Novice: 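Right, I'll just put the structure down here and ask away after.
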Amino acid sequence: MYKWIKLGKVFTPQDVPDRPWLKEFAQAPATLVCDDYVRVYFSCRPAPDANGQYVSYSSWVDLDRRDLTRVLRVAEQPILALGDLGEFDEFGTYPVSVTREGDEVRAYYAGWTRCESVPFNTAIGMATSLDGGATFRKAGRGPVLPYTLDEPFVLSGPKVRRFEGQWQLFYIAGRKWKLVEGRAEPVYKIRMATSSDGVHWTKLNRDLVESRIEDDEAQASPDVIYAKGKYHMFFCYRYSSNYRGKQFGYRIGYASSTDLKHWTRDDARAGLDVSAEGWDDEMVSYPHVFELDGRIYMAYLGNGVGRYGFGLAVLDGELE
């Protein structure tokens, strides 16, 4: 089992004044390591509208590279505008994953649209930054990874990596919607696609990680890092119903692979679980693993799937 030392919750959106679009949530943290700071991208929400409907924006917070629990600055505005009428990201950009490409920073994000029979649908878009990752410009009005015959809805959770001279995009794809006490709940599984240019993608077209707790287990946030000759995936999973409470909340899982296509799941090795009390005593979810100055860190969400912020943990030892 890996052992993670929790550093606590490091960012609370409710502490940030004068940004009405950043009222609550700091979901799906993803990092960009810079010279003196680590920029953590996240998704947030303003207050709901008169009908109780939310939109979601993506933004960032800079943490001191020498002390990751110290916030240096918070973005003055979202990194992306919402889409225009009828576009795939009209109602939200969540979550986001970033990587450097030469002088650019490239972001992949899920664009949200509202539906009638189910709450939402999502597809994966791309955007580029020329100012070091402060603001981004969308590649176009549509997604780079849309719904297809075999993946008909809920393409989300993009995590972009560069391995073996190629772009890899780990993401989730909807399997079904379940009606639970009159509420539509999505079931989604982890998948991947590869690309030579980061724009045109070839899907593997199968699930990467087997289900464990039930057939309709929902999996999310598949983040992959390479160490000691193999690939390590940290992700989160939940039951398909009643997962918003303490007993069945999100947990963090683990899988490993030598070829990126075939994965062996071993959640016992994940090493990070809920706390006995505090901000993450009901659930832990949406892990993002990154290397900084010779150490491995994990950014993750606690109770309420990040409603009150994100936290950090540092690995005691090495990935093996």
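Since we're looking at a predicted model, the values are computed, not measured.
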Novice: Is the cationic atom of Arg45 (NZ for Lys, CZ for Arg) positioned less than 6.0 Å from the six-membered ring centroid of Tyr54 and within 45 degrees of its normal?
Specialist: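 Geometry flag: set, cation within 6.0 Å and 45°.
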Novice: Please find out if less than 6.0 Å separates the ring center of Phe234 from that of His232.
Specialist: no
Novice: Is there a continuous path of hydrophobic side-chain contacts, each under 4.5 Å between heavy atoms, that joins Phe42 to Leu63?
Specialist: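 The answer is yes; both residues are in one hydrophobic cluster.
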Novice: Salt bridge check, Arg212 against Glu217: does any charged N sit closer than 4.0 Å to a carboxylate O?
Specialist: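 Here Glu217 does not pair with Arg212 in a salt bridge, since their nearest N and O are not under 4.0 Å apart.
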Novice: Output yes when a side-chain donor or acceptor of Asn51 lies under 3.5 Å from a complementary backbone atom of Gln53, and no otherwise.
Specialist: no
Novice: Has Tyr41 got a side-chain atom pairing as donor or acceptor with Ile79's backbone, closer than 3.5 angstrom?
Specialist: no
Novice: If only atom types and distance count, is the side chain of Ser257 paired as donor or acceptor with the main-chain N or O of Asp259 below 3.5 Å?
Specialist: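 At least one qualifying donor-acceptor pair exists.
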Novice: Please determine, by modelled atom types, if Glu291 and Tyr226 share a side-chain donor-acceptor pair under 3.5 angstrom.
Specialist: no
Novice: Is it the case that more than 12 heavy atoms not belonging to Arg206 sit under 6.0 Å from its CZ atom?
Specialist: yes
Novice: Without hydrogens or angle criteria, can the side chains of Thr148 and Lys203 be said to hold a donor-acceptor pair below 3.5 Å?
Specialist: yes
Novice: For the residue pair His288 / Thr31, report whether a side-chain donor-acceptor contact shorter than 3.5 Å exists.
Specialist: yes
Novice: I'd like to know if the side chain of Glu282 and the backbone of Asn303 have a donor-acceptor N/O pair within less than 3.5 Å.
Specialist: no
Novice: Just wondering, are more than 12 heavy atoms of other shown residues or ligands nearer than 6.0 Å to CG in Asp49?
Specialist: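 Yes.
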Novice: Would you call Asp64 and Arg66 a salt bridge, using N to O less than 4.0 angstrom?
Specialist: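 Result for this pair is yes, salt bridge flagged.
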Novice: For a quick test of reading the model, state the closest non-hydrogen atom pair linking Ser240 to Asp216 and the distance between them.
Specialist: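 Where Ser240 meets Asp216 most closely, the heavy atoms are CB-O, 3.3 Å.
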Novice: Is a salt bridge present between Asp62 and Arg73, judged by a nitrogen-to-oxygen distance below 4.0 Å?
Specialist: yes
Novice: Among the clusters formed by ILVMFWY side chains lying less than 4.5 Å apart, do Val224 and Leu208 turn up in the same one?
Specialist: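 Linked, Val224 and Leu208 end up in one cluster.
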Novice: Residues two or more places apart in sequence or in another chain: which of them pass ring-ring contact (aromatic ring centres under 6.0 Å, His included) with Phe25?
Specialist: none
Novice: How are the rings of Trp201 and Trp167 set relative to one another: parallel (under 30°), tilted (30 to 60°) or perpendicular (over 60°)?
Specialist: perpendicular
Novice: Ignoring hydrogens and angles, tell me if any N or O in the side chain of Tyr108 forms a donor-acceptor pair with the backbone of Gly198 under 3.5 Å.
Specialist: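 Side chain of Tyr108 to backbone of Gly198: a pair is present.
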Novice: Examine Tyr300 together with Trp279 and report whether their ring centres are nearer than 6.0 Å.
Specialist: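 Under 6.0 Å, so yes.
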Novice: Give a yes or no on whether a salt bridge exists between Glu318 and Lys228, defined as a side-chain N under 4.0 angstrom from a carboxylate O.
Specialist: yes
Novice: Looking only at the side chains, is there a donor atom on one of Ser58 and Ser43 sitting less than 3.5 Å from an acceptor on the other?
Specialist: yes
Novice: Looking at Asp267 and Arg251, is any side-chain nitrogen of the basic one under 4.0 Å from a carboxylate oxygen of the acidic one?
Specialist: no
Novice: With a 4.0 Å cut-off on N to O distance, would you call Asp280 and Lys6 a salt bridge?
Specialist: yes
Novice: Looking at every heavy atom in both Val154 and Asn121, which two are closest together, and how far apart are they?
Specialist: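 The answer is N-OD1, 2.7 Å.
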Novice: Using modelled atom types and a 3.5 Å cut-off, is there a donor and acceptor pairing between side-chain atoms of Glu90 and backbone atoms of Trp112?
Specialist: no
Novice: Please name the pair of heavy atoms, one in Leu32 and one in Gly132, separated by the smallest distance, quoted to 0.1 Å.
Specialist: CD2-O, 3.9 Å
Novice: Taking all heavy atoms of Pro287 and all of Ile252, pick out the closest pair and write down the distance.
Specialist: CB-CD1, 4.1 Å
Novice: Are the side chain of Arg19 and the backbone of Pro17 linked by a donor-acceptor contact shorter than 3.5 Å?
Specialist: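 At least one qualifying donor-acceptor pair exists.
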Novice: Can a donor-acceptor pair be found between the side chains of Asp89 and Thr93 at a distance below 3.5 Å?
Specialist: no
Novice: Do Tyr286 and Phe310 have their ring centres less than 6.0 Å from each other?
Specialist: no
Novice: Is the closest basic N to carboxylate O distance between Arg191 and Asp150 below 4.0 Å?
Specialist: yes
Novice: Any pair with a residue in residues 154-165 that passes salt bridge (charged side-chain N to carboxylate O under 4.0 Å, His left out), sequence neighbours left out, goes on the list, sorted by first then second residue, please.
Specialist: Glu101-Arg162, Arg161-Asp223
Novice: Do Glu210 and Arg265 sit within salt-bridge range, that is, some charged N less than 4.0 Å from a carboxylate O?
Specialist: no
Novice: Which residue is it: Tyr254, Phe170, Phe163? I am looking for the one with a ring-ring contact (aromatic ring centres under 6.0 Å, His included) to Tyr231.
Specialist: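 Of the listed residues Tyr254, Phe170, Phe163, the ring-ring contact (aromatic ring centres under 6.0 Å, His included) partner of Tyr231 is Phe163.
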Novice: Check Ala134 against Trp60 and note the closest heavy-atom contact, atom names and distance.
Specialist: O-NE1, 3.1 Å
Novice: Do you know the tightest heavy-atom contact between Val71 and Val61?
Specialist: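 That closest heavy-atom pairing would be CG1-CG2, 3.5 Å.
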